[in-house]
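Everything quoted here is computed from the prediction, not taken from an experiment.
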Amino acid sequence: MSDRLSVFKTYKLYVGGKFPRSESGRVYEVTDSKDNWLANAPLSSRKDARDAVVAARKAFGGWSGATAYNRGQVLYRVAEMLEGRREQFAREVADAEGLSKSKAAAVVDATIDRWVWYAGWTDKIAQVTGGANPVAGPYFNLSSPEPTGVVAVVAPQESSFLGLVSVVVPVIATGNTAVVIASEKAPLPALSLGEVLATSDVPGGVVNVLSGRTAELAAPLAAHQDVNAIDLAGADEALAKELEIAAADNLKRVLRPQPVDYFETPGIERMTAFLETKTVWHPTGSLGAGGSSY
């Protein structure tokens with residue numbers, strides 16, 4: 001019989017590649033589906049949210065400027081790290097969502113597969129959403145997608161890991177950076193994901209993970225002038241309306257909440273929702289029977 005003391009895990013935020021406690025010093029109790037205590041999670045403040053935006057903006061230039069192929073390599077490395085910590089995440093998902101071990105393992109497997117799926121899109125999305133446009137005149141007209149910028153993500157409340165990854169990875173796969181508000185009642189898988197990101201090749205600040213009261217954190221992010229878009233996946237109808245109104249102040253892109261079966265293979269909508277299209281015109285020169293010339 002072991003007489004070792006239990007070593008409880010200390011969960012922290014993930015902001016700018018580091019693991020700060022909330023600047024407020026606050027925590028809140030996280031419990032399982034049977035109301036048993038699991039851990040104390042940081043109760044993030046508005047200041048934490050603003051700090052996360054600063055970190056995301058700082059990381060945007062380098063991440064958006066990386067080649068699409070390189071982003072795919074980096075994201076695939078995250079999937080490798082998740083595979084290595086599969087048992088830990090299965091345990092956390094089981095506790096968070098009240099699932100059996102086998103069902104939780106299936107959720108984690110689907111989550112890792114989802115990460116790989118989006119990693120494969122990084123160098124393909126431009127071919128699908130961009131291209132040459134036919135125009136009336138002697139011009140080349142080419143359109144290409146570009147990332148929107150800093151995206152705030154309100155993660156799903158019920159799907160603490162598969163839903164989380166399904167809304168976060170499409171944001172960063174296309175070159176955006178993210179400030180993520182984890183599920184309020186089940187934040188532990190999201191906070192553990194921060195540890196995976198820190199030990200992979202994802203630059204600090206590309207993904208920033210906050211835990212706490214969803215409404216308290218989402219309000220300043222929706223109104224923040226340096227946030228370019230917001231995904232309201234985890235907001236209820238009343239909160240979503242409030243956030244959409246606040247987001248209109250600087251014309252943020254807004255993706256409203258919608259019913260989603262996260263086990264189904266996603267389309268590309270969550271990637272294209274946070275892309276801008278740049279179109280370039282260039283003269284072709286004179287066109288004659290002998291072909292074009294300049």
Side-chain angles (χ1 to χ4, degrees), residues 9 11 14 30-34 36 38-39 41 68-69 71-125 153-174 178 180-202 206-209 211 231 233-234 255 257-271 273:
K9 183 176 175 64
Y11 288 90
Y14 183 57
V30 178
T31 58
D32 64 15
S33 58
K34 297 180 180 178
N36 297 311
L38 294 174
Y69 178 71
R71 283 200 301 271
Q73 289 179 308
V74 170
L75 293 181
Y76 187 80
R77 175 62 177 163
V78 176
E80 293 179 10
M81 302 294 285
L82 289 172
E83 186 72 31
R85 298 176 67 164
R86 181 175 174 273
E87 291 185 7
Q88 174 200 341
F89 280 103
R91 186 169 59 253
E92 290 182 341
V93 169
D95 289 338
E97 301 179 22
L99 302 176
S100 66
K101 290 182 180 180
S102 61
K103 288 184 178 180
V107 168
V108 173
D109 289 345
T111 303
I112 298 171
D113 292 348
R114 181 63 43 79
W115 199 290
V116 173
W117 193 86
Y118 276 116
W121 268 101
T122 58
D123 58 355
K124 301 173 183 66
I125 190 69
V153 179
V154 183
Q157 299 297 327
E158 302 301 325
S159 187
S160 63
F161 194 42
L162 177 56
L164 168 80
V165 165
S166 296
V167 298
V168 172
V169 191
V171 168
I172 63 174
T174 53
V180 183
I181 305 173
S183 166
E184 182 173 332
K185 71 173 187 176
L188 303 188
L191 298 176
S192 290
L193 177 63
E195 297 174 0
V196 171
L197 297 173
T199 53
S200 65
D201 301 324
V202 179
V206 171
V207 178
N208 304 275
V209 183
S211 59
D231 184 344
L255 186 60
Q258 50 201 297
V260 179
D261 181 356
Y262 289 111
F263 278 98
E264 290 186 358
T265 302
I268 62 171
E269 289 78 13
R270 286 193 177 275
M271 288 184 284

**Study point:** Residues Val202, Arg77; criterion side chain to side chain contact (heavy atoms under 4.5 Å, CB included); working and verdict
**Key:** CA-CA 9 Å; Val202 179; Arg77 175 62 177 163; over 6 Å; no
Exercise for review: I would like to know whether Ile181 and Val153 meet side chain to side chain contact (heavy atoms under 4.5 Å, CB included); could you show each step before the answer?
Suggested key: CA-CA 6 Å; Ile181 305 173; Val153 179; over 6 Å; no
Practice item. Step by step, work out the side chain to side chain contact (heavy atoms under 4.5 Å, CB included) result for Leu193 and Val209. Key: CA-CA 9 Å; Leu193 177 63; Val209 183; 5.7 Å; no
Exercise for review: Could you please spell out the steps behind the side chain to side chain contact (heavy atoms under 4.5 Å, CB included) verdict for Ile112 and Phe89?
Suggested key: CA-CA 11 Å; Ile112 298 171; Phe89 280 103; over 6 Å; no
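Taking CD of Glu269 as the start and CG of Leu255 as the end, the distance is 10.0 Å to the nearest 0.5 Å. Taken to the nearest 0.5 Å, the CG atom of Asp95 stands 8.5 Å off from the CG atom of Leu188. Rounding to the nearest 0.5 angstrom, the gap separating the CD1 atom in Ile125 from the CE atom in Met271 is 4.0 Å.
Between Arg85 and Gln88, the side chains place a donor N or O and an acceptor N or O closer than 3.5 Å (distance only, hydrogens not considered). In the model, Ser192 has a side-chain atom that pairs as donor or acceptor with a side-chain atom of Glu92 under 3.5 Å. Counted by atom type alone, Arg114 and Ser166 present one or more donor-acceptor pairs between their side chains at under 3.5 Å. Defined by atom type and a distance below 3.5 Å, a donor-acceptor pair is present between the side-chain atoms of Glu97 and Ser160.
Shown are Leu162, Leu164, Val93; of these, the side chain to side chain contact (heavy atoms under 4.5 Å, CB included) with Thr111 is made only by Leu162.
Panel note: side chain Asn208, backbone Ala178; a donor-acceptor pair is recorded below 3.5 Å. In this structure, Ser183 contributes its side chain and Gln157 its backbone to a donor-acceptor pair below 3.5 Å. Within the 3.5 Å criterion, the main-chain N or O of Ala173 finds no donor-acceptor partner in the side chain of Thr122. The backbone N or O of Leu197 lies less than 3.5 Å from a partner atom in the side chain of Ser200, making a donor-acceptor pair. No donor-acceptor pair under 3.5 Å is formed between the side chain of Trp115 and the backbone N or O of Val169.
Lys124 NZ: more than 12 foreign heavy atoms inside a 6.0 Å radius. For Glu87, the CD atom sits in a loose shell: 12 or fewer heavy atoms of surrounding residues, nucleotides or ligands are nearer than 6.0 Å.
Checked against side chain to side chain contact (heavy atoms under 4.5 Å, CB included), Asp113 has no partners two or more places apart in sequence or in another chain.
Between Trp117 and Pro266, the shortest heavy-atom contact is CH2-O, 3.0 Å. Closest non-hydrogen pair, Val171 versus Thr174, comes out as O-OG1, 3.3 Å.
In this structure, the side chains of Val78 and Val196 come closer than 4.5 Å at one or more pairs of heavy atoms.
At a threshold of 4.0 Å, the pair Asp123-Arg71 does not count as salt-bridged, since none of the basic side-chain nitrogens sits closer than that to a carboxylate oxygen. Between Lys9 and Glu195 a salt bridge is recorded (basic side-chain N to carboxylate O distance below 4.0 Å).
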